[in-house]
Every structure is written in C-alpha cells, then in structure tokens.
J.: 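Quick one: the structure is below, and I'll ask about it shortly.
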Amino acid sequence: MELSRREFLKLSGAVAGGLMLPGGLSAVALASGYPLHKAVGETPTICCYCAVGCGAIVAAEGDQVVNLEGDPDHPINRGSLCSKGLAMAQLHTVDGEINPRRLQKPMYRRPGASEWEEVEWDWAIEQIAQRVKETRDANFIETDGEGRTVNRLEAIASLGGAALDNEECSLLVKAMRSLGLVYIEHQARI
Ligand code: SF4
C-alpha cells in the first residue's frame with residue numbers, strides 16, 4: 001500500500017494520539033488492511049506453586065501460552081511474581097510446544113521395580129483407599145497402656161505441601177484426624 005506524505009502524517013498523528021476505532025482496530029490497521037494485534041485471549045489465574053496465591057495474567061493463542069505476567073490488580077502480589085511463578089507458563093508450553101514432560105497421569109512404581117509406569121486415576125485412588133484401610137485396621141490404637149481411650153493411628157503420617165492454602169489445610173487436617181492420625185505436618189514447617 002502506498003501512502004502520500006500527507007496520508008502518512010495523518011495516520012502517524014492518529015497513532016500518536018492513541019486514536020482507536022470501534023472494534024479495537026487502530027487507524028493504521030484499518031488503512032493497511034492488517035490488524036496490529038493478534039487475537040490473544042488473556043485470562044486471570046492464580047499461581048499453583050504455593051499458598052501465597054499470587055495472581056497472574058496468562059495470554060494464550062490457540063492452545064499455546066504466549067505470555068504470563070503478574071496481575072497488577074491482584075491485592076496479594078500487585079503485579080510481582082517470584083521465579084517459580086514466572087516459570088508457571090512452562091507447565092503448559094515450552095519453546096512453543098506443549099510441554100512433553102508434563103505428567104498427565106499418576107505414576108506408580110511397583111514393589112521391586114526400577115521403572116515408573118503410568119496408571120489410571122481410578123486405580124490409583126482405589127489403591128490408596130485400600131492401603132489406608134488395611135493399615136488403619138491393622139494398627140488402630142483404641143486405648144493406651146493405662147486403659148485410657150485414645151483412638152489414634154500412628155502407622156500413617158500426613159505431610160502437607162506448600163500449594164495447600166488455609167482452607168485446604170483445614171479440610172486435610174479434619175480428614176486425617178477423623179482417621180485417628182496424630183503425625184500431621186506441613187512442608188512449610190520443616
Ligand atoms: S510460588 Fe511465588 S509467585 Fe507463586 S504464589 Fe508462591 S510466591 Fe507467588
């Protein structure tokens with residue numbers, strides 16, 4: 001597209017003045033027939049790495065994450081992210097590709113095996129439930145040495161992770177206490 005000097009100055013002025021036309025296209029974009037911006041969708045999200053819960057804005061084009069930055073409107077982090085939060089985009093996209101190292105299913109290493117294998121969620125959850133029940137049934141302590149009721153289970157311990165927030169920790173502790181666990185810890189205290 002050829003522009004006369006007068007047309008060029010008119011378009012430059014429109015851009016410098018921040019003139020935006022309905023539909024989000026600038027004067028230059030309309031004049032040239034090409035949009036200046038890609039149709040990138042931005043979505044607010046919460047960092048998954050720790051219970052600080054920083055806010056981030058993730059921009060995606062199709063199924064690719066093309067940008068991720070701290071959310072300046074989020075009351076906790078006000079636009080900042082630590083190094084882990086900044087790397088959050090890599091959970092999904094690395095060098096323009098879906099991250100091939102991202103786990104899609106639970107991994108299980110059978111007793112005596114040296115390799116991990118993918119298993120189905122239903123199988124993994126059933127295994128966990130079965131083993132918790134077997135361990136609890138075999139080790140539950142109803143009374144201590146002096147006959148006092150204690151109803152506790154010392155054969156299982158629970159270790160919470162940094163990604164658990166207050167509400168999740170509250171639910172986890174209630175679930176573990178209902179089983180009788182006394183050894184309940186959190187990664188952040190270790
Ligand atoms: S890992 Fe970093 S960015 Fe993510 S919530 Fe925690 S402090 Fe915020």
Side-chain angles (χ1 to χ4, degrees), residues 43-58 60 63 65 68-94 97-190:
T43 307
T45 188
I46 302 294
C47 176
C48 57
Y49 281 125
C50 90
V52 171
C54 295
I57 296 176
V58 58
D63 62 356
V65 175
L68 188 143
E69 58 194 55
D71 184 349
D73 295 327
H74 198 279
I76 291 177
N77 56 314
R78 297 182 179 177
S80 64
L81 289 175
C82 77
S83 52
K84 282 194 297 182
L86 278 171
M88 190 167 38
Q90 294 173 6
L91 283 173
H92 184 274
T93 306
V94 174
E97 304 288 335
I98 303 296
N99 187 348
R101 303 185 70 182
R102 178 173 178 166
L103 294 182
Q104 305 285 331
K105 290 186 172 180
M107 303 295 288
Y108 178 64
R109 195 177 70 178
R110 296 182 187 280
S114 59
E115 301 296 324
W116 293 84
E117 61 182 281
E118 279 191 353
V119 293
E120 298 298 325
W121 275 108
D122 286 348
W123 183 87
I125 290 170
E126 197 175 307
Q127 286 293 310
I128 293 168
Q130 263 179 20
R131 293 178 194 197
V132 167
K133 176 152 182 15
E134 285 168 10
T135 305
R136 186 174 187 270
D137 288 349
N139 297 281
F140 195 72
I141 303 168
E142 290 188 16
T143 55
D144 67 8
E146 297 180 18
R148 290 175 295 217
T149 299
V150 291
N151 287 338
R152 67 181 177 227
L153 176 61
E154 298 178 358
I156 300 178
S158 171
L159 179 61
L164 298 175
D165 58 29
N166 286 346
E167 293 74 18
E168 289 163 334
C169 284
S170 172
L171 290 173
L172 180 65
V173 167
K174 284 176 181 156
M176 295 301 106
R177 294 277 186 227
S178 72
L179 292 172
L181 265 73
V182 288
Y183 299 130
I184 301 174
E185 255 303 351
H186 190 275
Q187 172 264 334
R189 275 174 24 107
I190 294 176

J.: Closest heavy-atom contact between Leu172 and Gly160?
T.: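 Closest pair (atom of Leu172, atom of Gly160, distance): CD2-CA, 4.4 Å.
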J.: Would you call Arg109-Glu115 a salt bridge at under 4.0 Å N-O?
T.: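 No.
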J.: Would you indicate whether Glu126, at its atom CD, is surrounded by more than 12 heavy atoms from other residues, nucleotides or ligands within a distance under 6.0 Å?
T.: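 Counting other residues, nucleotides and ligands, CD of Glu126 stays at 12 neighbours or fewer.
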J.: Dump the intermediate steps for side chain to side chain contact (heavy atoms under 4.5 Å, CB included) on His74 and Cys54, then the final yes or no.
T.: CA-CA 7 Å; His74 198 279; Cys54 295; 5.8 Å; no
J.: Nearest heavy-atom pair of Ile76 and Gly53: which atoms, and what distance?
T.: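 Nearest heavy atoms, Ile76 then Gly53: CD1-O, 3.7 Å.
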J.: Can you name the closest pair of heavy atoms from Phe140 and Gly180 and give their distance?
T.: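 Smallest heavy-atom distance, with atoms named: CE1-CA, 4.4 Å.
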J.: Less than 4.0 Å between a side-chain N and a carboxylate O, is that true for Glu117 and Arg110?
T.: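 Glu117 and Arg110: salt-bridged.
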J.: Work out which heavy atom in Thr135 is nearest to a heavy atom in Ala155; give both atom names and the distance.
T.: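 Closest heavy-atom pair between Thr135 and Ala155: CG2-CB, 3.8 Å.
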J.: Quick one: do Glu134 and Arg136 make a salt bridge, cutoff under 4.0 Å?
T.: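 No salt bridge links Glu134 with Arg136.
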J.: For the side chain of Ser170 and the backbone of Asn166, is there at least one donor-acceptor N/O pair under 3.5 Å apart?
T.: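 No: the side chain of Ser170 does not pair with the backbone of Asn166.
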J.: So among Leu179, Leu181, Asn139, which one has a side chain to side chain contact (heavy atoms under 4.5 Å, CB included) with Ile156?
T.: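 The option that passes is Leu181.
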J.: Is it the case that the side chain of Glu142 and the backbone of Asn151 share a donor-acceptor pair, with hydrogens and angles ignored and the cut-off at 3.5 Å?
T.: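 Checking the backbone N and O of Asn151 against the side chain of Glu142, no donor-acceptor pair under 3.5 Å is found.
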J.: For Asn99 and Thr93, indicate whether the former's side chain and the latter's backbone hold a donor-acceptor pair under 3.5 Å.
T.: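 No: the side chain of Asn99 does not pair with the backbone of Thr93.
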J.: Looking at Val65 and Ala89, what are the two nearest heavy atoms and their distance?
T.: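 Shortest heavy-atom contact: CG1-CB, 3.8 Å.
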J.: Mind jotting down which residue pairs meet the salt bridge (Lys or Arg N to Asp or Glu O under 4.0 Å) criterion with at least one end in residues 158-177? Sequence neighbours excluded, please.
T.: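 Salt bridge (Lys or Arg N to Asp or Glu O under 4.0 Å) check on residues 158-177 returns no pairs.
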